Structure formats: C-alpha cells, structure tokens
Amino acid sequence: MAALIRFDGRVALVTGAGNGLGRAYALALAERGASVVVNDLGGDIKGGGKSSRAADKVVFEIKSKGGKAVANYDSVEEGEKLVQTALENFGRIDIVINNAGILRDKSFPRISDDDWDIIQKIHLRGSFLVTRAAWPHMKKNNYGRIIMTASTSGLYGNFGQANYSAAKLGLLGLSNTLAIEGKKNNIFCNTIAPLAGSRLTSTVMPPDLIEGLKPDYNVPLVLYLCHDSSPTSGDCFEMGAGWISQVRFERSKGAVVRTRDSFGTPEAVRENWEKITDFTDSDKPTRGNTPFLVEMLNKFKEEA
Ligand code: NAD
C-alpha cells in the first residue's frame with residue numbers, strides 16, 4: 001500500500017487560519033504531523049477590527065488533539081513577523097499557504113480608493129510579503145511548498161468584485177513566476193481557486209449551499225500540493241464540494257495580419273477575425289509566444 005501523506009518534521013504557516021478554509025488546512029496539516037503557525041488577524045470580513053480569539057481557538061483545537069501549533073495575530077501585511085513566529089517556535093519554514101482574505105464588494109464605479117487599496121494590500125501584497133519573508137529560508141533548506149489563493153472571480157470576473165478580481169488574478173501571475181524562480185531550489189508554487197461555504201460567502205450563498213460546500217472538501221488538493229511527493233508547480237486548480245480540476249490557458253493558432261513591408265491594418269484584423277478567434281487545433285501554452293514570433297521574423301528576413 002502506498003505511504004500515507006504525512007508532514008512529520010515539516011513546518012507550515014497558514015494565513016487567515018482562524019476561520020473557513022485556512023482553519024481546515026491548519027487542522028488537517030497538524031493532524032498529519034506538521035507543526036503549524038495559525039495566523040489570523042481576527043478582524044471582520046471587510047478588514048475592520050482585530051482579535052486573538054480566532055487563531056487561539058484553532059490552536060486550542062489542534063493542541064487538544066495532540067497536534068503542534070502556535071498562534072500569530074499579525075496582519076499578512078507584516079510578512080516577516082509571521083515567518084519569524086515559525087522560525088522562533090519550530091526552527092524552520094517549509095510550507096506557506098497564503099489564504100487570508102477579506103471582501104469589499106461594490107459595483108465598479110462605487111469602489112473607493114480605500115476599497116481598492118485594502119484588497120490589493122491584503123490579498124496580493126500580503127501574499128507577496130509573507131512569501132518573500134519565507135523564501136530565503138526555503139532556499140537554504142532546498143525545500144518549499146507555497147499555495148496562492150486566487151478565485152474564479154479573478155479567473156473569469158464577477159459582478160461587484162473588480163478590486164478582488166484584480167488582486168486574485170495577480171496572485172496567479174505571482175505564482176507562475178515563483179514556480180519558475182523556485183524550480184532550482186525545489187520550491188514549488190501553485191494557485192487554487194476554491195469554493196466553500198464560509199463567513200465570506202455566507203453573505204451571498206443560501207444556507208443549504210453553504211452546508212454542501214464545507215471548506216474541508218478543499219483540503220485534499222491543498223495537502224497534496226504541499227507534500228514532498230507533489231509532482232507539480234506553476235499550476236492552477238479550481239475546486240469545491242469534492243470536485244478538483246486543473247485550469248490552463250488556451251491560445252488560438254492566430255493569424256499574421258502584417259506583410260513583410262507593413263505593420264498591418266485594422267481592416268486586416270477584421271478580415272482575419274475568424275482565424276484569430278478560431279480555437280480549432282489550439283495550443284495550450286505554458287509560456288509566451290516569443291519563440292514563434294522570432295521564427296516568423298526570421299522567415300520574413302529570409303524572404304527579403
Ligand atoms: P474566512 O473569512 O472564513 O477566513 C478568512 C480569514 O482571514 C479570517 O479568519 C480573517 O480574520 C483572516 N484575515 C483577514 N485579513 C487578514 C489579515 N490581514 N491578516 C491575517 N488574517 C486575515 O474566508 P474563507 O472563505 O475561508 O476564505 C479564505 C480565502 O479563500 C480568501 O483568500 C478568499 O478570498 C479565498 N476564496 C474563498 C472562496 C470561498 O468560496 N469561500 C472562494 C474563492 C476564494
């Protein structure tokens with residue numbers, strides 16, 4: 001029988017672990033042997049207030065089941081302090097799950113500067129600061145597993161969430177580059193777009209859906225991606241209610257609208273529109289199109 005997925009000797013930092021998804025990840029990691037930093041600022045869903053209660057409750061739960069955990073009450077905007085808590089208490093940092101988050105939902109023209117800034121600060125900048133603080137320690141250990149929490153709102157858009165969507169898709173970009181930069185040091189970074197009934201979603205979902213979308217359904221993939229045996233980095237997954245799926249980009253074969261001697265015209269775009277948007281025989285790109293463009297330019301040169 002294949003070995004169980006365990007995290008003995010590993011140290012995990014889960015941000016926003018006082019509630020919802022983060023709490024579920026923290027409990028599950030601890031149950032499988034990890035030492036866990038349970039970070040939570042303990043504020044409300046719009047980013048107001050602060051309390052040690054949320055993190056303390058989860059730490060108590062973990063410890064009462066015989067697990068190892070310590071609380072941290074700082075905002076993810078103080079990334080260094082979160083990582084310091086891991087180092088001071090457990091001597092290392094192996095896993096970072098960037099999960100903390102709030103909402104400031106408003107239709108686009110009603111979004112204030114503050115609504116915009118706080119969402120970018122907590123979701124995107126917070127994940128950057130926490131991960132940057134952990135990075136040198138992971139590099140030194142030649143080991144790291146990082147999760148960025150995006151959202152289908154970022155991948156596809158959602159009415160009333162322009163600020164949140166921008167931050168969430170930003171996290172995918174951040175993750176894609178960290179996967180490239182971390183490769184040589186065995187640091188993996190993946191992105192998830194979860195769906196779960198939680199205090200964040202309880203304002204927009206009916207109670208029976210909340211019940212069917214328990215955060216715990218999102219635990220198996222996250223734990224697998226955080227394990228030594230995880231085969232993947234730089235990928236993005238959608239999940240919820242026990243369903244898991246990988247998401248990737250699709251690029252049409254496209255059309256060349258220029259000629260050797262001209263930049264092309266908007267009329268040529270119109271004439272080629274069907275071809276530009278035809279996904280028959282499409283590519284599933286994992287990098288930009290520079291090699292193709294270089295090849296095309298060389299062809300033009302040869303023909304000159
Ligand atoms: P939740 O409100 O239940 O939990 C989020 C936790 O983050 C809270 O305990 C909160 O106190 C904490 N937090 C907020 N700001 C913080 C800060 N600055 N520093 C530290 N902790 C902070 O929400 P959830 O539904 O479990 O969401 C977790 C993550 O998943 C969020 O990033 C959210 O955007 C994302 N997400 C959730 C869903 C869903 O369906 N629930 C869907 C897509 C994405």
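All ligand and atom numbering here is 1-based and tracks the order in the structure. Note that the coordinates shown come from a computational prediction; the quantities given were computed from them, not determined experimentally. Count residues from 1 along the sequence.
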Self-check item: Contact list for residues 19-76, test ring pair (Phe, Tyr, Trp, His ring centres under 6.0 Å), sequence neighbours left out
Solution: none

Quiz item: Between the side chains of Thr131 and Asn98, does any donor sit under 3.5 Å from an acceptor?
Solution: yes

Self-check item: Counterpart residues, salt bridge (Lys or Arg N to Asp or Glu O under 4.0 Å), relative to Asp115 (two or more places apart)
Solution: Arg104, Lys106

Quick check on ligand 1: any N or O pairs to the protein under 3.5 Å? One line per pair.
{"from": "ligand 1", "atom 1": "2 (O)", "to": "Arg199", "atom 2": "NE", "distance (Å)": "3.0"}
{"from": "ligand 1", "atom 1": "9 (O)", "to": "Asn19", "atom 2": "ND2", "distance (Å)": "2.8"}
{"from": "ligand 1", "atom 1": "9 (O)", "to": "Asp40", "atom 2": "OD1", "distance (Å)": "3.3"}
{"from": "ligand 1", "atom 1": "9 (O)", "to": "Asp40", "atom 2": "OD2", "distance (Å)": "2.6"}
{"from": "ligand 1", "atom 1": "11 (O)", "to": "Asp40", "atom 2": "OD1", "distance (Å)": "2.5"}
{"from": "ligand 1", "atom 1": "11 (O)", "to": "Arg199", "atom 2": "NH2", "distance (Å)": "3.3"}
{"from": "ligand 1", "atom 1": "18 (N)", "to": "Ser75", "atom 2": "OG", "distance (Å)": "3.0"}
{"from": "ligand 1", "atom 1": "19 (N)", "to": "Val76", "atom 2": "N", "distance (Å)": "3.1"}
{"from": "ligand 1", "atom 1": "21 (N)", "to": "Leu41", "atom 2": "N", "distance (Å)": "3.3"}
{"from": "ligand 1", "atom 1": "25 (O)", "to": "Ser198", "atom 2": "OG", "distance (Å)": "2.5"}
{"from": "ligand 1", "atom 1": "26 (O)", "to": "Leu21", "atom 2": "N", "distance (Å)": "2.8"}
{"from": "ligand 1", "atom 1": "32 (O)", "to": "Asn99", "atom 2": "O", "distance (Å)": "2.7"}
{"from": "ligand 1", "atom 1": "32 (O)", "to": "Lys168", "atom 2": "NZ", "distance (Å)": "3.0"}
{"from": "ligand 1", "atom 1": "34 (O)", "to": "Tyr164", "atom 2": "OH", "distance (Å)": "2.5"}
{"from": "ligand 1", "atom 1": "34 (O)", "to": "Lys168", "atom 2": "NZ", "distance (Å)": "3.3"}
{"from": "ligand 1", "atom 1": "40 (O)", "to": "Ala196", "atom 2": "N", "distance (Å)": "2.8"}
{"from": "ligand 1", "atom 1": "40 (O)", "to": "Ala196", "atom 2": "O", "distance (Å)": "3.1"}
{"from": "ligand 1", "atom 1": "41 (N)", "to": "Ala196", "atom 2": "O", "distance (Å)": "3.0"}

Practice problem: Hey, could you give me the CG/CG distance between Asp278 and Asn272, rounded to the nearest 0.5 Å? | Solution: 11.5 Å

Practice problem: Any ring pair (Phe, Tyr, Trp, His ring centres under 6.0 Å) involving residues 105-149? Give me the pairs, sequence neighbours left out, ordered by first then second residue. | Solution: His123-Tyr164

Quiz item: For the hydrophobic clusters of this structure (ILVMFWY residues joined by side-chain heavy atoms under 4.5 Å, transitively), does one cluster hold both Val96 and Leu82?
Solution: yes

